[in-house]
Amino acid sequence: MDVSRGRYGDRAVEGAPLERFKPTTGIVAGWAGVGLAVLAVGYVVVAGHTVGGLRLALGAAFGGVVVWTTQIRPRVTAYADTMVLHGTVSDTVVPYAAVNQVTMGQTLNVWVGQKRYVCVGIGRSVGADARQRMRSRGSGEMPGMNRAARAFDTLETAPSRSAGTQYHAFVLNRITDLVVAARKQADHPGADLLPRAEVSRHVAVIELTALVVTGAAFVLSFLLP
């Protein structure tokens with residue numbers, strides 16, 4: 001059984017991932033927060049056998065799950081025909097052939113028609129985004145547009161990479177490559193006979209359950225004498 005297909009319950013995602021793009025923002029703070037939560041829970045297990053210790057452990061566990069879902073989980077996974085935008089408590093499966101535009105600001109934005117799908121875990125820093133906007137105004141481009149986004153209209157290749165390419169730019173270029181290739185394939189004769197996958201959204205059951213359970217347990221701990 002294909003692991004990815006089993007997770008999402010349909011045929012929108014098939015095969016092993018081609019590439020997993022790690023978060024570009026909040027990753028250090030995120031792992032630091034998770035580490036502190038683990039230390040707090042470990043301390044309570046070893047030495048804090050009191051009601052106060054229990055509350056500390058449950059609060060730390062809830063905080064650790066919040067940090068995980070908001071700072072570490074949001075990322076992008078690329079498959080052969082689709083990409084998965086991992087959010088805090090949901091995943092969005094987007095077929096490359098359906099994508100009209102990809103832009104990179106403080107978040108990664110994937111456009112399908114007039115609808116935008118966002119990955120908050122990948123993007124430019126506030127300073128880099130401000131500089132890019134200034135350059136766009138100076139060149140007369142529309143805000144948020146870039147060379148990679150225009151490539152989908154002309155079916156050109158993505159901007160060339162260099163050794164000094166920043167990671168968020170590499171992610172944008174790589175996704176652009178995959179989208180352009182899918183659009184070219186969709187233009188081939190007979191492509192209309194192939195099944196068309198649609199954008200789908202799936203709840204992250206494990207993360208949502210962890211949030212509800214740890215949050216409820218932390219609140220209920222205050223009812224203990």
Side-chain angles (χ1 to χ4, degrees), residues 1-10 12-13 16-17 19-79 83-94 104-110 116-130 166-168 170-171 200-225:
M1 177 179 177
D2 182 88
V3 175
S4 56
R5 185 189 304 174
R7 175 170 184 176
Y8 295 107
D10 55 29
V13 177
E19 198 156 358
R20 301 179 189 273
F21 300 112
K22 63 185 180 181
T24 60
T25 57
I27 188 68
V28 175
W31 281 116
V34 171
L36 289 174
V38 171
L39 287 175
V41 173
Y43 168 78
V44 172
V45 170
V46 173
H49 301 163
T50 64
V51 173
L54 176 63
R55 290 172 183 158
L56 173 62
L58 292 174
F62 176 65
V65 175
V66 170
V67 171
W68 169 268
T69 56
T70 59
Q71 302 298 317
I72 300 175
R73 189 180 192 278
R75 62 183 65 209
V76 178
T77 304
Y79 293 85
M83 60 179 146
V84 179
L85 308 179
H86 300 283
T88 54
V89 293
S90 66
D91 296 330
T92 303
V93 181
V94 184
M104 182 76 73
Q106 293 179 42
T107 61
L108 175 68
N109 308 294
V110 178
R116 181 179 69 161
Y117 300 93
V118 175
C119 178
V120 299
I122 297 178
R124 292 192 294 254
S125 65
V126 175
D129 186 49
Q166 294 182 330
Y167 186 71
H168 68 263
F170 162 74
V171 174
S200 57
R201 181 163 290 174
H202 309 266
V203 174
V205 177
I206 295 176
E207 287 80 1
L208 188 58
T209 301
L211 283 170
V212 172
V213 171
T214 56
F218 176 60
V219 172
L220 291 176
S221 69
F222 287 92
L223 300 179
L224 297 174

Side-chain donor-acceptor distances from residues 208-219 under 3.5 Å, at least two apart:
| residue | atom | partner | partner atom | Å |
| --- | --- | --- | --- | --- |
| Thr209 | OG1 | Val205 | O | 2.7 |
| Thr214 | OG1 | Ala210 | O | 2.6 |
| Thr214 | OG1 | Leu211 | O | 3.4 |

For [Y], is there any backbone N or O sitting under 3.5 Å from a side-chain donor or acceptor partner on [X]?
| X | Y | value |
| --- | --- | --- |
| Thr24 | Gly123 | yes |
| Arg116 | Asn109 | no |
| Arg124 | Met104 | yes |

Could you please spell out the steps behind the side chain to side chain contact (heavy atoms under 4.5 Å, CB included) verdict for Thr107 and Ile122?
-> CA-CA 6 Å; Thr107 61; Ile122 297 178; over 6 Å; no
What closest approach, in Å, do [X] and [Y] show between heavy atoms, and which atom pair accounts for it?
| X | Y | value |
| --- | --- | --- |
| Tyr167 | Phe21 | OH-CA, 3.3 Å |
| Cys119 | Leu85 | CB-CD2, 4.4 Å |
| Pro23 | Pro74 | CG-O, 3.4 Å |
| Leu224 | Arg55 | O-NH2, 3.2 Å |
| Val94 | Val110 | CG1-CG1, 4.1 Å |
| Met83 | Val76 | CB-CG1, 4.3 Å |

So how far is it from Glu19 CD to Tyr79 OH, rounded to the nearest 0.5 Å?
->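 Result: 12.5 Å between the selected atoms.
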Rounded to the nearest 0.5 Å, how far apart are CG of Leu108 and OH of Tyr117?
-> 14.0 Å
Should Arg73 and Asp91 count as side-chain neighbours, where that means a heavy-atom distance under 4.5 Å?
-> yes
Any side-chain heavy atom of Val171 within less than 4.5 Å of one from Lys22?
->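 No, too far: nothing below the 4.5 Å cut-off.
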With Thr77, which residues qualify under side-chain hydrogen bond (donor to acceptor under 3.5 Å, both in side chains), at least two apart?
-> His86
Could I get the full list of side-chain hydrogen bond (donor to acceptor under 3.5 Å, both in side chains) partners for Thr88, not counting sequence neighbours?
->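 Residues passing side-chain hydrogen bond (donor to acceptor under 3.5 Å, both in side chains) with Thr88: none at all.
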Over 12 foreign heavy atoms within 6.0 Å of CD1, Ile206 |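 At most 12 heavy atoms, drawn from other residues, nucleotides or ligands, come within 6.0 Å of this atom.
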